[in-house]
Amino acid sequence: MKCQFCENPASVHVTEVVNFKKRALHLCEGCARARNLIPGANGPQLDLKALLSLIANPFPAAADDGDDAPVAPAAPPPAPEACPACGLTLAEFRAEGRVGCAHDYDALRAALEPLLERVHRHTAHAGKAPRAVRAREWQKQMKAAVAAEDYEEAARLRDLIRRAASEQ
Amino acid sequence: MNLDKLLPNLGEWLRGTGPESDVVLSTRIRLARNLADLPFGTRATAAHKGEVVARAKEAVAKAGAAHKLEYLDIPNIAALDRQFLVERQLISRELAGGLDGPRGVAFDPTETASVMVNEEDHLRLQVLRSGFALDDAWRDIDRLDDALEQRLSYAFHAQFGYLTACPTNVGTGMRASVMLHLPALGLTKQIDKVFRALQKINLAVRGLHGEGSRAFGDLYQISNHVTLGKSEPKILNEIREVIVTILDYERKARTALLKERRQAEHDRAARAIGTLGSATMITTEETMELLSAVRLGIHLHLLDGIPVTAVNQLFIHTQSAHLQKLAGHALDGEERNAARAKYLKTKLRELNSHRQ
């Protein structure tokens, strides 16, 4: 497969499905780098921001709307969008594609959720949780079981909690 | 730690003995984890990073894994040793050279488990297994994760799961990759078709060294994109189904090659050995392409007496940093190409004398 921008073989392939419409990009490493799809030298990860803008508009000339320019000092980012813990603003997140601390997921939730929906097609985790979190969840379920007079279930959960605590 | 003692070993990912090892070289699972109370990579100062290292070292030391993980400070080791660890798939190219400040890696002597500290995320756990072994790899990394979690407070969110520096990893923080050798699909020009199908179902295809790297020597890594909204076993099952299908395609293509052009394939493998054994200058890329032909020749039973492990050894030892460590000193590009040719010639001669 050839790169969409030049004649080299394509080695970077990007597919996104939005509203049942598939958009695919095939680029060679050089063109991917030129479009900031690969950060720095030999970066291990795609540049999310460049990726999203490229998928939205794969034609570089038209896409160049000055979006990449550093935030002008005359227009400071609105304060409510900054994380109270690390100070990351939405503009900074958009420029870097990385969050700065664990609190950003709440501070920038409004902007993150649509992004997560696009990338993962989900906005809620459905996998493993740390043991402490699991134990808290079991506590809640045990209380509910007791309230519902389901003592067998409550005993099972109590054992689970005890076992988890003794393994610590 | 003296890295030179790793040199004679193949490393887990090239051991060549796991399930389905005629097509699958290795299985890798990584988990991205962050500490709840410290800023992530892009916002962390050197002091923050130092704190991450201190906590990670202690947690790793007390993790009580089956094999003890030993910690190595990356800023303290030479560039050549860092490249050596990249070639052995123990650290990323980013950790080796793209980042600065306190950072390191802990890994066990069998090279199956490693923990990168202060890569993009505070911790990047990795388990490598020879062959197609998603379940074994998941069991091991799940256990390692549990052990570390007892001493570290992970950033975990009720809705978003394990929090990561990049939102593309949030949720499980898990990336599972399977490294495949697909020469017959390449020769029969079906590889693009397979990859187009993969992209439709949201799996990523990359070359040997990850995103952006070219697929040399018919080696491809297939991995999941989605980390949020599906459980780890569900993600692993989706990958498994796809890999089983690709395995089947590759084997069918190999059978077809044998049936339709056995002589030509025999010739190709024999010529590859000829070139490897007689060149006086050779690049890594050409070596990998030729070794791919030899590997296919072995699996098609067209070449006798060359074990796959010998091919794997030639493969790893002809990578730049390995070659320079074998030589005992740094070599520039031209010198490397000459040293690589010399190494191949000597090794193939040894193999030949064993066969006679």
Side-chain angles (χ1 to χ4, degrees), chain A residues 1 9-17 22 24 26 28-29 32-33 37-46 48 51 83 85-88 92-93 96-106 109 112-113 115-117 119-133 167-168, chain B residues 34-43 92-94 97-98 119-120 142 145-146 149-150 154-172 174 192 195-196 199-200 202 204-207 209-215 225-235:
Chain A
M1 190 181 294
S11 65
V12 177
H13 309 276
V14 178
T15 312
E16 198 196 41
V17 179
K22 201 183 93 180
H26 306 282
C28 70
E29 183 167 356
R33 249 180 230 298
L37 276 180
I38 304 166
N42 306 333
Q45 209 124 36
L46 287 174
L48 196 69
L51 175 71
C83 169
C86 74
L88 185 84
E92 284 170 322
F93 168 67
E96 294 165 18
R98 300 289 181 274
V99 303
C101 76
H103 305 283
D104 291 343
Y105 280 90
D106 284 320
R109 179 193 288 259
L112 274 169
E113 274 190 333
L115 177 70
L116 293 174
E117 175 68 43
V119 173
H120 301 283
R121 288 186 244 168
H122 290 278
T123 54
H125 178 51
K128 183 178 178 176
R131 193 172 296 157
V133 176
E167 276 173 30
Q168 293 272 338
Chain B
N34 285 283
L35 305 181
D37 61 336
L38 287 167
F40 295 173
T42 52
R43 296 250 142 186
S92 64
R93 292 189 290 187
E94 271 289 283
E119 215 257 15
E120 182 179 292
D142 187 28
D145 184 44
D146 284 346
E149 176 211 294
Q150 289 184 29
Y154 283 159
F156 184 85
H157 190 283
Q159 180 188 346
F160 299 125
Y162 291 96
L163 301 182
T164 52
C166 183
T168 54
N169 296 320
V170 78
T172 60
M174 182 179 81
D192 283 347
F195 291 167
R196 276 197 298 274
Q199 281 150 20
K200 253 181 230 164
N202 240 316
V205 184
R206 303 169 302 164
H209 288 297
E211 255 147 325
S213 68
R214 271 196 54 197
H225 254 325
V226 169
T227 57
L228 186 66
K230 293 177 189 174
S231 71
E232 293 84 351
K234 184 157 191 252
I235 294 170

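All values reported here derive from a predicted model rather than from experimental measurement. A, B, ... follow the sequence lines: proteins, then strands. Residue 1 opens every chain.
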K.L.:
Could you grab the distance from atom CZ of B:Arg43 to atom CD of A:Glu96, nearest 0.5 Å is fine?
P.N.:
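Here the rounded value is 6.0 Å.
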
K.L.:
To the closest 0.5 Å, what do you measure between NE2 (A:His103) and CG (B:Leu163)?
P.N.:
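CG of B:Leu163 is found 10.0 Å from NE2 of A:His103.
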
K.L.:
Hey, what do you get for CD (B:Glu149) to CZ (A:Arg131), rounding to the nearest 0.5 Å?
P.N.:
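Here the interatomic distance stands at 6.0 Å.
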
K.L.:
Non-hydrogen atoms of chain A under 4.5 Å away: do they reach the side chain of B:Phe160, the backbone, both or neither?
P.N.:
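Both backbone and side chain.
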
K.L.:
Tell me, do B:Asp145 and A:Lys128 make a side-chain contact under 4.5 Å, heavy atoms counted?
P.N.:
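In contact.
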
K.L.:
Answer with side chain, backbone, both or neither: which region of A:Val99 has an atom nearer than 4.5 Å to a non-hydrogen atom of chain B?
P.N.:
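When you check distances to chain B, atoms from both the backbone and side chain of A:Val99 fall under 4.5 Å.
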
K.L.:
Under the side-chain contact (heavy atoms from CB on, under 4.5 Å) rule, collect the residues that match up with A:His120, sequence neighbours excluded.
P.N.:
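Partners of A:His120 under the side-chain contact (heavy atoms from CB on, under 4.5 Å) test: A:Leu116, B:Val170, B:Val226, B:Thr227, B:Leu228.
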
K.L.:
On a heavy-atom basis, which atom in B:Tyr162 and which in A:Pro130 lie closest, and how many Å separate them?
P.N.:
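Looking at all heavy atoms of both residues, the shortest contact is OH-N, 3.1 Å.
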
K.L.:
With a 4.5 angstrom heavy-atom cut-off, which part of B:Thr172 approaches chain A: side chain, backbone, both or neither?
P.N.:
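Contact with chain A: backbone and side chain both.
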
K.L.:
With a 4.5 Å cut-off on heavy-atom pairs, point out which of A:Thr123, A:Asp104, A:Asp106, A:Val133 contacts chain B the most.
P.N.:
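The answer is A:Thr123.
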
K.L.:
Step by step, would you call B:Gln159 with A:Tyr105 a side-chain contact (heavy atoms from CB on, under 4.5 Å)?
P.N.:
CA-CA 10 Å; B:Gln159 180 188 346; A:Tyr105 280 90; over 6 Å; no

K.L.:
Taking every non-hydrogen pair under 4.5 Å, which of B:Ala165, B:Gly161, B:Gly97, B:Pro39 racks up the most with chain A?
P.N.:
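Between B:Ala165, B:Gly161, B:Gly97, B:Pro39, the count favours B:Ala165.
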
K.L.:
Below 4.5 Å, heavy atoms only, C-beta onward: do A:Val119 and B:Pro167 meet side chain to side chain?
P.N.:
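The answer is no, as the side chains (C-beta and beyond) never meet within the 4.5 Å cut-off.
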
K.L.:
Below 4.5 Å, heavy-atom pairs only: which of B:Leu38, B:Asn34, B:Asp37, B:Thr164 has the largest tally toward chain A?
P.N.:
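Highest number of pairs under 4.5 Å: B:Thr164.
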
